2 protein chains.
Amino acid sequence: MSETQNDTFVTGYLLYLLAASSEQASAQFHDHVRARGLRVPEWRVLACLVDNDGMMITRLARLSLMEQSRMTRIVDQMDARGLVTRVADSNDKRRVRVRLTAEGRDLAEALVKDARRHETRLLSALADTDAARIKGVLRTLLDVLDRPDAT
Amino acid sequence: MSETQNDTFVTGYLLYLLAASSEQASAQFHDHVRARGLRVPEWRVLACLVDNDGMMITRLARLSLMEQSRMTRIVDQMDARGLVTRVADSNDKRRVRVRLTAEGRDLAEALVKDARRHETRLLSALADTDAARIKGVLRTLLDVLDRPDAT
DNA sequence: TCGATTTATATGATTTTTCATATTTTCAGC
DNA sequence: GCTGAAAATATGAAAAATCATATAAATCGA
């Protein structure tokens, strides 16, 4: 008994399993993203914009799971780098719409393709039953959490 | 069609579902942790140490999903605050064992109790089938990711 | 048992992230 | 059409995280 192993709580704790799964499942792809010269938050922005170009900063922040002020600065940098442009919303002058540039779109589409491939590989490493269930379970969890009575 | 909604990729992407689930499922409890005067990484350290007191920094970092140098500084702060103490390992002088103080242990045990309660509530908000499956699916995913041939 | 390698931790410098709050614009009710 | 509240974004200052690397101890092989 060289290394006393209790590990009774953390390892079985739902929030740990979620954090660890997310972290570890993403690690490889995030390396790929960085190899392509992007930081992870930037990749998230690109992915959101491929789905729906011209999102406003606030929504981009919510979807990308980060704070608004941080998103403002990330958009700054991506703008400076020529991946996106800021466009004033004509109806509501408070809003800033973020649009992909041609370069941004190319990069985004290439990475989405890579992401899909990676996801397929990941799912195929799971048993069929697990692969079939995982997304549904997570979506259900997210739905439940969205309800105001959540907890 | 006021807000053009495509949302074809991100919302259904496994790595997004994992990150979002983790983020959102944890949000409430993390607020609780902060209300108790701890930052999230500190709570993670306490939770690990309740399971297995005297872990070394490196292992603590791996389990808490963070970098070693970051963990060194977090342990510094927790030490300064009286939650843990550093103990030199007698067999291997490179190692630093992190031990809970009495105060640290009290806080840790209280929070673990809260965490378990919170987890129970969370799981009971899911349908029985989902609740029964979620941990298993995540554990399987983690197992697969641990294998060297992972992807 | 010496030297090269690996492992564990620490630290300086830089970059990110956060927090609080300012600014600007819209909206709701009167 | 005013006024106060709410929403969207930006920004300065502070705290935290990262990256590269230093230091020190253990281990492995010839």
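Here is the naming used below: chain letters follow the sequence lines, and residue numbers restart at 1 for every chain. Owing to the predicted nature of the structure, the values given are computational and were not obtained by experimental measurement. Below, all heavy atoms of this structure are taken into account, side chains as well, without hydrogens, waters or symmetry copies.
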Tell me which of B:R62 and B:R70 sits closer to the 5' end of DNA chain C, going by the nucleotide each one is nearest to. B:R62

If we only count heavy atoms from C-beta on, is the B:L18 to A:E23 side-chain gap below 4.5 Å? no

Taken to the nearest 0.5 Å, the spacing of A:R97 CZ from A:S90 OG works out to 8.5 Å

Does atom CG of A:D128 have more than 12 heavy-atom neighbours from other groups under 6.0 Å away? no

Between B:D79 (side chain) and B:T85 (backbone), is there a donor-acceptor pair under 3.5 Å? no

Could you tell me the separation between the CG atom of B:L60 and the P atom of C:dA10, rounded to a whole number of Å? 12 Å

Round to the nearest Å and state the distance from A:R94 atom CZ to C:dT26 atom C1'. 4 Å

Whether A:S22 side chain and A:A19 backbone form a donor-acceptor pair below 3.5 Å: no

With 3.5 Å as the limit, what N/O pairs link the protein to nucleotides 19-21 of chain C?
{"from": "C:dC19", "atom 1": "N4", "to": "A:S69", "atom 2": "OG", "distance (Å)": "3.3"}

Would you check if there is a donor-acceptor pair between the side chains of A:R39 and A:Q77 at a distance under 3.5 Å? yes

Which of C:dT17, C:dA10, C:dT26 is nearest the side chain of B:R86? It is C:dA10

Okay, side chain of A:D53, backbone of A:L100: is any donor-acceptor separation there less than 3.5 Å? yes

Atom CE of B:M66 and atom P of C:dA8 are separated, to the nearest Å, by 18 Å

What are the 5'-most and 3'-most nucleotides of DNA chain D lying under 4.0 Å from any heavy atom of chain B? D:dA16 to D:dA26

Base, sugar-phosphate alone, or nothing: which one does B:N91 contact when heavy atoms must sit under 4.0 Å apart? sugar-phosphate

Check: A:L83 main-chain N/O paired with A:T101 side-chain donor or acceptor under 3.5 Å: yes

Nearest-Å distance for atom pair CE/P, residues A:M56 and C:dT24: 18 Å

Which angle, rounded to 10°, do you find between the first-five-pair axis and the last-five-pair axis of the helix from C:dT1-D:dA30 to C:dC30-D:dG1? 40°

For the pair B:D89 (side chain) and B:V96 (backbone), establish whether a donor and an acceptor sit closer than 3.5 Å, ignoring hydrogens and angles. no

Which nucleotide wins on minimum distance to the side chain of A:K93, given the candidates C:dT25, C:dT16, C:dT9? C:dT25

Gap between atoms CG and P, on A:D76 and C:dT17 respectively (whole Å): 13 Å

I'd like to know if A:F29 and A:V40 are part of one continuous hydrophobic network [Ile/Leu/Val/Met/Phe/Trp/Tyr, side-chain heavy atoms within less than 4.5 Å]. no

Rounded to whole Å, the CZ-C1' distance (A:R39 to C:dT14) equals 13 Å

